[in-house]
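Everything below concerns the one structure shown next.
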Amino acid sequence: MGKDEKFDVLVVGAGPGGYVCAIRCAQLGLKTGLIEKNPRLGGTCLNVGCIPSKALLHSTEIYHELLHSADSHGIVTKGISHDLGKLMKKKDAVVDQLGKGVQALVKKKGVTIISGAAKVLSNGQVEVSTSKSSTVFSAKEVILATGSKPVELPFLPFDGKKIVNSDHGIAFEKVPKKMVVIGGGAIGLELGCVWSRLGADVNIVEFLPEICPQLDPDVAKVARRILEKQGLKFLLSTKVTASKNSKNGTTLSLEVNGETSEISADRVLVAVGRGPCSDGLGLDELGVQSDDKGRVLVDAAFCTNISGVRAIGDLIPGPMLAHKAEEDGVACAEIIAGQAGHVNYDMVPGVIYVDPEIANVGLSEAQAREKQIAVRTGTFPLAANGRALATGATDGIVKVVADAETDRLLGVQIVARSASELIASAVAHMEYGGSAEDLARTIHAHPTLSESLKEAALSVEGRGLHSL
Ligand code: FAD
Ligand code: NAD
């Protein structure tokens, strides 16, 4: 590999968007280079996102189950405790193993891995720098897949100790006594649960009236109530207005409906969203257009305003999710190869991996009504499901939203154990234009949690079999 080597495609960033895009490009016969500045491929998702957080959620879920539910199953547990160092090592081992897997996979698929930080120059040229050298590579197409980074609040800069983001929040060396999480979204709930299960006193501050704005308030409320039973505390409709250092950490000023109060914590985790990451990429010099949040603007073929430069994943507007980034990557590669790559952005499922899991796809009832679509809805409580009862998973609800005129499924929301798996059949039904009736007539094995989905669909017609 050298300076004069010319690629068909150079992908910048080896997260789920970039590495999957590179694999698909290579599969389609394009000579592909994948540039990554981090020693390990996999991006945010593998290194500090999806994978480490899910490893921590799983370990702490086992611990929490043993502490709080084992007794109800007749399992006698005595002296249960945790070893945080070992728990973190297990998470690190998972990340390490998957990282090696991705590296081997990408190489095997015929992609050239180029290590270093990329700066995009003009005319398809990309400068890649390491601490030792810098080399310019060129390609017919450059695909930007540099992802995102945590958003900071202006009066709460991250210091990695008292004021932290998710990168720090997956690697504390001890369990905080008092933790405040700002933001009741995916990161706030997942990492709030991890540390609460390990013994931290966790308060989640959310400035909207309810957590999870992607869900209807009736469903979000069910999820919140369950998490409250598990020990999480929520301060809703609450604004953090200022912070000051206190003896053992940080004191935050809060405001609710004009009333002010204070809350102190040894750790404050700021989880108010992520923003695009284009540091050092040279996009301003190149004249690449972005929106007011810095997200790179692209057309339906992922093209930026600069010829030969495309962008995908968290760097562009849309849901910041690994599977969405992957789909962007595949479609972008296929379009470059002359195929009809396409992503159905109406069907991107979202999952928050707390217990029970919170999953959704498509429109909520509120979103459908905002679009002036008349809807009918059906719900089913997990408490009425036999498998849920047998396995102690009765907390939760399924809600189905259907078009009132055509019965076409518009959206599904699930709060249930394994909701991350259950949502897949809802996505499939919706992808093929299925109706609530189709879902209601689909045979689901008994006893499974998935029967709740069928029952919620039946209740759209008011003919639920196992609900009152
Ligand atoms: P990224 O994964 O961010 O990858 C970008 C890559 O580009 C990085 O490797 C970076 O080092 C590299 N890069 C940046 N600049 C340069 C440069 N100049 N030169 C070379 N390389 C560069 N999503 C889900 O779907 N499910 C989950 O369960 C989930 N959990 C999450 C948990 C946490 C704590 C966080 C923070 C995120 C989570 N996400 C989850 C979101 C998910 O991680 C992102 O949506 C996804 O990683 C975006 O992929 P990407 O390829 O666009 O960018
Ligand atoms: P998010 O957008 O999911 O949630 C942010 C929450 O913070 C929202 O509820 C918002 O109303 C609230 N908020 C914003 N500003 C606030 C303020 N000043 N005070 C109080 N509350 C405030 O963002 P996140 O949880 O930081 O996650 C970042 C991204 O990573 C998201 O796009 C998410 O999709 C992705 N992610 C996904 C998963 C998953 O799929 N399981 C897990 C973690 C992260």
Side-chain angles (χ1 to χ4, degrees), residues 11-21 34-54 56-57 114-120 126-129 144-151 153-156 165-167 169-170 180-192 194 204-214 220 235-241 252 254 269-283 311-316 318-326 328-329 348-354 357-359 420:
V11 183
V12 183
Y19 88 75
V20 168
C21 179
L34 177 63
I35 308 167
E36 173 55 57
K37 65 178 179 184
N38 197 45
R40 185 163 48 215
L41 307 188
T44 302
C45 173
L46 193 151
N47 291 289
V48 289
C50 323
I51 300 304
S53 60
K54 264 81 258 178
L56 290 179
L57 279 158
I114 304 167
S115 299
K119 180 175 179 187
V120 186
V126 181
E127 181 182 52
V128 181
S129 307
L144 309 175
T146 51
S148 63
K149 58 184 180 190
V151 166
L153 288 173
F155 54 89
L156 274 176
N165 59 42
S166 56
D167 293 359
I170 55 163
V180 169
V181 179
I182 306 180
I187 292 180
L189 296 185
E190 289 186 355
L191 293 184
V194 163
I204 299 187
V205 181
E206 166 59 54
F207 74 6
L208 294 177
E210 190 49 274
I211 60 168
C212 304
Q214 72 279 18
L235 303 166
L236 301 175
S237 304
T238 304
K239 209 168 147 190
V240 182
T241 52
L252 300 174
L254 305 179
L269 171 69
V270 181
V272 296
R274 292 173 65 84
C277 172
S278 57
D279 309 340
L281 256 187
L283 300 191
I312 58 169
D314 276 13
L315 185 64
I316 65 172
M320 289 182 159
L321 294 169
H323 41 284
K324 180 269 184 186
E326 287 190 27
D328 281 356
V348 180
V351 181
I352 301 180
Y353 295 79
V354 293
E357 292 173 343
I358 303 167
S420 55

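Keep in mind the model is a prediction, meaning the values are calculated, not measured. One-based numbering, in listed order, for ligands and for the atoms of each.
Any N or O atom pair closer than 3.5 Å counts here, and I170 shares no such pair with ligand 1. Not a single N or O atom of C277, backbone or side chain, sits closer than 3.5 Å to an N or O atom of ligand 1. For a threshold of 3.5 Å applied to N or O pairs, the pair formed by M320 and ligand 1 contains at least one separation below that value.
Closest heavy-atom approach to atom 8 (C) of ligand 1 among the candidates E190, E36, K37: E36. Between atom 48 (C) of ligand 1 and the options D314, L281, I51, the minimum heavy-atom separation is to D314. Taking only non-hydrogen atoms, the option from P39, C50, G15 nearest to atom 4 (O) of ligand 1 is G15. Counting only non-hydrogen atoms, the option in R274, E210, H323, K324 that gets closest to atom 29 (C) of ligand 2 is R274.
Distances below 4.0 Å separate heavy atoms of V48 from the following atoms of ligand 1: 34 (C). For ligand 1, the atoms lying closer than 4.0 Å to a non-hydrogen atom of S53 are 32 (C). Residue G313 approaches ligand 1 through these ligand atoms, each under 4.0 Å from one of its heavy atoms: 52 (O). Close approach to G43 involves these atoms of ligand 1, each under 4.0 Å from a residue heavy atom: 2 (O), 4 (O), 8 (C), 9 (O). Distances below 4.0 Å separate heavy atoms of L208 from the following atoms of ligand 2: 11 (O). Those atoms of ligand 1 with a heavy atom of Y353 less than 4.0 angstrom away are 28 (O). For ligand 1, the atoms lying closer than 4.0 Å to a non-hydrogen atom of A325 are 49 (O), 52 (O).
A186 CB, 3.8 Å is the protein heavy atom nearest to atom 37 (C) of ligand 2. F207 N, 3.4 Å is the protein heavy atom nearest to atom 20 (C) of ligand 2. Of all protein heavy atoms, the one lying nearest to atom 32 (O) of ligand 2 is M320 CB, 3.3 Å. Closest protein heavy atom to atom 3 (O) of ligand 1: T44 OG1, 2.6 Å. Atom 16 (C) of ligand 2 has as its closest protein heavy atom V272 CG1, 3.4 Å. For atom 35 (C) of ligand 1, the nearest protein heavy atom (residue, atom name, distance) is G49 CA, 3.6 Å. Remark: minimum distance from atom 7 (O) of ligand 1 to any protein heavy atom is reached at G13 CA, 3.2 Å. Of all protein heavy atoms, the one closest to atom 7 (O) of ligand 2 is G183 CA, 3.2 Å. Closest to atom 39 (C) of ligand 2, if we only count protein heavy atoms, is V351 O, 3.2 Å.
Between G280 and ligand 1 there is no heavy-atom distance shorter than 4.0 Å. At least one heavy atom of G273 sits less than 4.0 Å from an atom of ligand 2. Ligand 1 lies nowhere less than 4.0 angstrom from a heavy atom belonging to K324. Under a 4.0 angstrom heavy-atom cut-off, K54 registers as being in contact with ligand 1. In this structure, N47 falls outside the shell of residues with a heavy atom less than 4.0 angstrom from ligand 1. Residue contact check for ligand 1: P52 places no non-hydrogen atom closer than 4.0 Å to it.
T238 contributes a side-chain N or O that, together with a main-chain N or O of L236, makes up a donor-acceptor pair within less than 3.5 Å.
Remark: K54 NZ is packed, more than 12 non-hydrogen atoms of other residues, nucleotides or ligands lying under 6.0 Å away.
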